[in-house]
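Predicted, not measured: the structure shown is a model, and the values here were computed from it. Sequence lines set the chain letters: A, B, ... in the order given, protein chains first and strands last, and positions in each chain run from 1.
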There are 2 protein chains.
Amino acid sequence: MALGKDYAGQNCSIARALEVVGERWTLLIIRDAFFGVRRFSDFLAHLDCPRAVLSGRLQTLVESGVLTKRLGEYTLTESGRELWPIVYMLGQWGGRHFSADGPTRVLVHAECGTPIDPAGDCPPCGVPGVPPTDLEVHTVPGRDLRDDPVARALRSPHRLLEPLPVRP
Amino acid sequence: MALGKDYAGQNCSIARALEVVGERWTLLIIRDAFFGVRRFSDFLAHLDCPRAVLSGRLQTLVESGVLTKRLGEYTLTESGRELWPIVYMLGQWGGRHFSADGPTRVLVHAECGTPIDPAGDCPPCGVPGVPPTDLEVHTVPGRDLRDDPVARALRSPHRLLEPLPVRP
DNA sequence: GCCTCCAGGTTCGGTCACTGAACCGACGCT
DNA sequence: AGCGTCGGTTCAGTGACCGAACCTGGAGGC
């Protein structure tokens with residue numbers, strides 16, 4: 001564990017955070033958890049990362065208190081749900097600078113139906129930092145190019161953190 | 001580049017962002033850039049990461065438009081400065097859950113002298129999302145355990161993005 | 001009971017990125 | 001010329017990531 005994972009010598013909260021969520025695939029796992037993915041095989045189908053890596057990451061996320069495992073389902077803890085602003089702002093930043101074709105997903109304030117702004121607020125409602133439980137994911141037609149069963153299920157509009165909508 | 005760096009198949013802004021800032025050390029480089037570090041040797045002294053890795057990361061960050069290189073100094077571009085909320089919230093999250101001893105640094109709204117809140121706002125001034133240029137870093141005495149020249153220089157209170165305050 | 005299927009992993013070579021130390025060239029100073 | 005520093009590059013060794021194959025425990029059928 002002396003190589004590749006930790007940032008010994010960096011006595012810094014940012015480094016501590018990155019030791020937990022900074023490894024390859026980890027933030028994409030958390031993204032999918034917000035979108036409602038809960039089961040090992042569903043993460044696997046949607047991420048196509050090696051099974052061993054997924055297994056390891058899920059385990060360390062559970063150990064770090066970001067996820068809990070119950071009855072074969074991984075769900076975000078309160079600590080994990082606090083990562084929402086980071087996940088959202090990363091997506092905003094990536095969208096602004098590195099995806100010319102526009103967004104693949106739009107996040108809508110469930111109570112009023114308007115998309116939230118780049119800061120994560122709902123201007124009409126005056127709600128700053130809309131929590132993930134009050135958000136719906138809408139997929140922009142033709143923009144999500146993935147075609148696994150999980151991606152298809154995630155395409156129907158649904159609330160964040162709710163379990164994967166349709167299961168065949 | 002087929003392994004380890006990109007997330008081919010993830011047609012997602014978050015994945016795009018992580019391809020740029022998601023690699024090991026990258027976000028710590030950006031953190032230091034916000035704190036005023038600009039020169040290769042200063043990043044090196046403060047991060048103790050391999051020179052080759054630092055060299056590579058700085059290069060890809062310049063290529064991605066996050067940093068610019070002029071006269072041997074790396075500075076954050078506008079796009080790079082937009083990463084501030086992410087860096088700040090990562091630090092907040094890491095501090096809340098993984099550093100029991102309390103913060104090593106406090107960020108103060110320069111205009112009024114009060115520390116900003118966990119969301120990055122200044123409640124007394126009513127300023128939401130205080131921009132990095134309006135923030136001062138104050139180091140909590142006895143909490144920053146590093147003792148390289150750069151760490152010492154960074155300990156004196158200074159504004160974000162201003163070049164390294166004292167140079168011996 | 002026994003067989004089959006499937007979800008949820010673990011194991012196993014091979015490859016690639018990270019690591020630390022050594023080396024290199026350009027520049028400034030004496 | 002000789003020395004020091006800055007900003008890298010090169011290089012052998014090692015650990016993490018990769019994909020594919022294999023294992024295991026429980027559910028369902030017969």
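The ring-ring contact (aromatic ring centres under 6.0 Å, His included) analysis of residues 20-42 of chain B, with sequence neighbours excluded, yields the pairs A:Tyr7-B:Trp25, B:Phe34-B:Trp84. Applying the salt bridge (charged side-chain N to carboxylate O under 4.0 Å, His left out) rule to pairs touching residues 90-102 of chain A yields A:Arg96-B:Glu82, sequence neighbours excluded.
Among the heavy atoms of the strands, none lies under 4.0 Å from B:Phe43.
Two end axes, each from the C1' atoms of five base pairs, can be drawn for the helix from C:dG1-D:dC30 to C:dT30-D:dA1; they diverge by 10°, to 10 degrees.
Two residues, A:Gly72 and B:Val53, neighbour DNA chain C, and the one matched to the more 5' nucleotide by heavy-atom proximity is A:Gly72.
A sub-4.0 Å separation between OP1 or OP2 of C:dA17 and a side-chain N or O of B:Trp25 is absent. For A:Ser41, a side-chain nitrogen or oxygen approaches OP1 or OP2 of C:dG8 to under 4.0 Å. Distances shown here put a side-chain N or O of A:Tyr74 below 4.0 Å from the OP1 or OP2 atom of C:dG9. Side-chain N/O atoms of A:Ser55 include one lying less than 4.0 angstrom from OP1 or OP2 on C:dT10.
For B:Asp134, the side chain to side chain donor-acceptor pair (under 3.5 Å) test picks out no residue, with sequence neighbours left out. Listed by chain and residue number, nothing satisfies the salt bridge (charged side-chain N to carboxylate O under 4.0 Å, His left out) test with B:Arg105 (two or more places apart in sequence, or in another chain). Scored by the ring pair (Phe, Tyr, Trp, His ring centres under 6.0 Å) test, B:His97 finds B:Trp93 as partners (sequence neighbours excluded).
Closest contact between the side chain of A:Arg57 and the listed nucleotides D:dG7, C:dC18, D:dC17 involves D:dC17. Closest to the side chain of B:Arg24, from the set D:dG7, D:dC18, C:dT19, is C:dT19. Nearest nucleotide to the side chain of A:Gln59, out of D:dC17, C:dT10, C:dC18: C:dT10.
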Expected list for residues 113-128 of chain B: side-chain donor-acceptor pairs under 3.5 angstrom, two or more places apart:
unit_1, atom_1, unit_2, atom_2, d
B:Asp117, OD1, B:Ala119, N, 3.0
B:Asp117, OD1, B:Gly120, N, 3.0
B:Asp117, OD1, B:Asp121, N, 2.8
B:Asp121, OD1, B:Gly129, N, 2.7

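A:Val140 shares a hydrophobic cluster with A:Val106, A:Val108; the chain of contacts runs through ILVMFWY side chains whose heavy atoms sit under 4.5 Å apart.
Near-neighbour residues of DNA chain D inside residues 44-52 of chain A, defined by a heavy atom below 4.0 Å, number-ordered: A:Pro50, A:Arg51.
Rounding to whole angstrom units, CG of residue A:Leu164 and P of C:dA7 are separated by 14 Å. For A:Leu71 and C:dG9, the CG to C1' distance is 17 Å, given to the nearest whole Å.
Between the side chains of A:Thr68 and A:Thr75, a donor-acceptor pair is found at a separation under 3.5 Å.
The closest donor-acceptor contact from the side chain of B:Arg24 to the backbone of A:Asp6 lies under 3.5 Å.
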